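Note sheet for the following structure.
By convention in this document, chain letters (A, B, ...) are assigned in the order of the sequence lines, proteins followed by strands, and residues within each chain are numbered from 1. All heavy atoms count here, side chains included; hydrogens, waters and symmetry mates do not. From a predicted model like this one, the values you see are computed outputs, not experimental measurements.
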Amino acid sequence: MFSFTRDQLLEEQERIAKKVRLRHVDAESIRAVCGVDISYSDKRLVACAAIWNRDTKDIAAVSFHSSKANFPYIPSFLYKREFMPMVKVVRRLEVRPDLVLVDGHGILHPKKAGLAVFVGVALGIPTIGVAKTLLVGEIGHMKGFLAPISIKSERLGWLVQKEGSRKYYFSPGNLVRVDDLPMLASIWGYGYPPPLTHADKMSREKVYQQ
DNA sequence: GCGACAG
DNA sequence: ATCTTGTCGC
């Protein structure tokens, strides 16, 4: 099988980080939002992509991809474990989403190359990383539901927390700008993104019955 | 050297 | 992520 040295993985992250393009996206143009998540049962995994329609506020399409986990979970190298299954499950959708939300960090990462960066660069679709815990970065002062997060004074993401809700960490994966994230998070009211809630639930159901 | 460490 | 009892709160 394949083995990788830590340096090889770091080189791969540095290469992908150079391919990221942070571009402005108009929130009004975002209609189909896709959430991607993965559930596990031992070494088996099931990835689910769920498209949530911003107008109907309901799920418009779903796809699954089952495979075997071929790499362990190592902090800051999650991409090696989940990147390919996520790309495949999104490509399996019959509809091309306007925005992809990934369960994990984007450029808010030691090498600016989190899981959402790999997925976003591979797909060429605006992508955002949404994580439930912080990996790196310093959190600024909360203003409304938002607090900027930066590394060495460079703003790379946002802490989003609606009153009475948990904290979520947003950062660009590709083709969106850091300062676009607040407007995009407002689409679903700053809570946990509905597309990710559905993808999480459906991937868990699928891996359970399989 | 020690601790921290997305999912 | 997954496993997994009881407990707090709406």
task: Heavy atoms only: give me the nearest A:Lys111-A:Leu10 pair and the separation to one decimal.
output: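 Closest pair (atom of A:Lys111, atom of A:Leu10, distance): CE-CD2, 3.9 Å.
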query: Does A:Val20 reach the side chain of A:Val121, with side-chain heavy atoms less than 4.5 Å apart?
result: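 With C-beta onward as the side chain, the pair touches.
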- request: Would you mind reporting whether A:His105 and A:Tyr169 have side-chain heavy atoms less than 4.5 Å apart?
  value: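 When only atoms from C-beta onward are counted, A:His105 and A:Tyr169 do touch, with a gap below 4.5 Å.
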field: Partner of A:Arg155 under side chain to side chain contact (heavy atoms under 4.5 Å, CB included), chosen from A:Ile149, A:Asp179, A:Leu108
entry: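 Single pass found, and it is A:Asp179.
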message: When you measure from the side chain of A:Ser41 to the backbone of A:Arg44, do you find a donor-acceptor pair of N or O atoms at a distance under 3.5 Å?
response: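 Checking the backbone N and O of A:Arg44 against the side chain of A:Ser41, no donor-acceptor pair under 3.5 Å is found.
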query: Is a side-chain donor or acceptor of A:Arg54 paired with a backbone partner of A:Ile30 at a separation under 3.5 angstrom?
result: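 At least one qualifying donor-acceptor pair exists.
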- prompt: Hey, does A:Ser41 reach any base, or is it just sugar-phosphate, or nothing, if we go heavy atoms under 4.0 Å?
  reply: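 It contacts nothing in the nucleic acid.
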- prompt: Charged N to carboxylate O below 4.0 Å: is that the case for A:Lys201 and A:Asp37?
  reply: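 Answer for the salt bridge query: no.
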task: Classify every nucleotide of nucleotides 2-7 of chain B by which part a protein heavy atom approaches to under 4.0 Å, writing B for the base, S for the sugar-phosphate alone and - for neither, in 5'-to-3' order.
output: ---BBB
message: Measure CG/A:Leu45 against C1'/C:dT2 and give the value in whole Å, please.
response: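 It is 14 Å, rounded to the nearest whole Å.
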query: In which stems does DNA chain B show up, taking only runs of three or more Watson-Crick or G-U wobble pairs whose two distances fall under 3.5 Å?
result: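 Detected stem regions: none for this strand.
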- request: Can you label the angle between the A:Phe118 ring and the A:Tyr79 ring as parallel, tilted or perpendicular, going by 30° and 60°?
  value: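 Answer is parallel, since the angle falls under 30°.
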